[in-house]
Amino acid sequence: MDCKAFVEGQVSEIRKTVGQGTAINALSGGVDSSLVTVLGHRALGERLKTVFIDNDLMREGEPQRVVKTFADMGIPVELVDAKDEFLGALAGLTDPEEKRQAITDTFYSKVFGRLVKQSGAKFLLHGTILTDIEETVAGIKRQHNILSQLGIDTSKAYGYAVVEPLKTLRKDDVRAVCKFLGLPAAVTDRIPFPGPALAARIVGEVTHERLATVRKATAIVEEELAETGAFQYLAVLLNDRATGIRNNQREFGQIIVVRCIESTDARQATATELPWSKLNRICQRITTEIPDVNRCLYDLTPKPPATVEYI
Ligand code: XMP
């Protein structure tokens, strides 16, 4: 694809659409919202307000890391602390779909909705890509950002228009444009990370303590597997316990699952054949560095029948 023509075309299109008004967008650190942020900033400068909503479900140091990556590019991002609202909405929920819905509702109806109103922006920039639209229209997956394609007029319903500069691109095009713009590898080569973030990797209730456990395990897995070149790697906290023995004491500890997959588009996947020594090292670190975890399992299941994430 012609990245230069795409960038110039979208920058001028965003300028034309927004006119003298202001726009807002939410940055997650993923490749799509990162590209929208850069394009929007080129088009509008200070008339684009970019927020990063800290929902407490992110990886170790992630909110600060994303804000810094953009600050280094001269793009200010406002970090919004919404940790209590998200954990409050998730309290007591164990059903996977209820958990996902609670996160979507808290994001759109509460936190981001409030920020859009406060900002007075009449335009919301969103990183919808072609695959999101196709999957939603086909009824495979309801992406929370797809509204106009479902016949919803956001200006009438919510008082703002949604601008989707990436809606003709697929993921590999998005990466190509990011590379063309010279965005750092931290953005361009980031492994896939789900919208519900670490909540997708906690079976059962999401609490502050359980998040801390899966966050530590995630950091270990990402550190140990970064060099493998695998498509995606992650840690999951199960909602079960198992007997173990530590310092001659019997304990009933928690269980972490490690998942590492090969895939091209996440629609199908197989478990990576990791060296035994690597698996042993991960197991040893997880069961000694994380309090209360006394078992570590490696998931061999392909997709299908398993999915990549656990909820
Ligand atoms: P599953 O678990 O459905 O995941 O096999 C397939 C790929 O999609 C990612 N994933 C998501 N990405 N929002 C996203 O943006 C989501 O709600 C979501 N759920 C799963 C997952 O990490 C994998 O790469």
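All figures in this text were calculated on a predicted structure; none of them were measured in a lab. Both ligands and their constituent atoms are indexed starting at 1 by order of listing.
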Note: P194, heavy atoms under 4.0 Å from ligand 1, region reported as both

#### Entry: Residue part near ligand 1, for K303, under 4.0 Å between non-hydrogen atoms
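For K303, only side-chain atoms sit under 4.0 Å from ligand 1.
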
[X] to ligand 1: N or O pair under 3.5 Å?
X: R201; result: no
X: P192; result: no
X: G195; result: yes

Q) Will you find, in the side chains of Q101 and D105, an N or O donor that is under 3.5 Å from an N or O acceptor? A)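 Judged by distance alone, the side chains do pair up.
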
Assess, by modelled atom type and distance only, whether the side chains of H208 and D56 contain a donor and an acceptor separated by less than 3.5 Å.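 H208 vs D56: donor-acceptor pair found between side chains.
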
Give the numbers and elements of all ligand 1 atoms closer than 4.0 Å to a heavy atom of P196.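 Within the 4.0 Å cut-off of P196, ligand 1 contributes 16 (C), 17 (O).
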
Taking 4.0 angstrom as the limit, do E224 and R285 come out as a salt bridge?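 R285 and E224: salt-bridged.
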
Quick note, side-chain hydrogen bond (donor to acceptor under 3.5 Å, both in side chains) partners involving residues 176-194, not counting sequence neighbours, are E62-R190

task = Look at the aromatic rings of Y108 and H126 and report parallel, tilted or perpendicular, splitting at 30° and 60°.
result =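 Parallel, since the angle between the ring planes stays under 30°.
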
So is R100 close enough to ligand 1, meaning a heavy atom under 4.0 angstrom away?
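True for this residue.
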
Check: residues 193-205 side-chain donor-acceptor pairs under 3.5 Å, at least two apart:
from : atom 1 : to   : atom 2 : distance (Å)
R201 : NE     : E309 : OE1    : 2.8
R201 : NH2    : E309 : OE2    : 3.0
E205 : OE2    : G92  : N      : 2.7

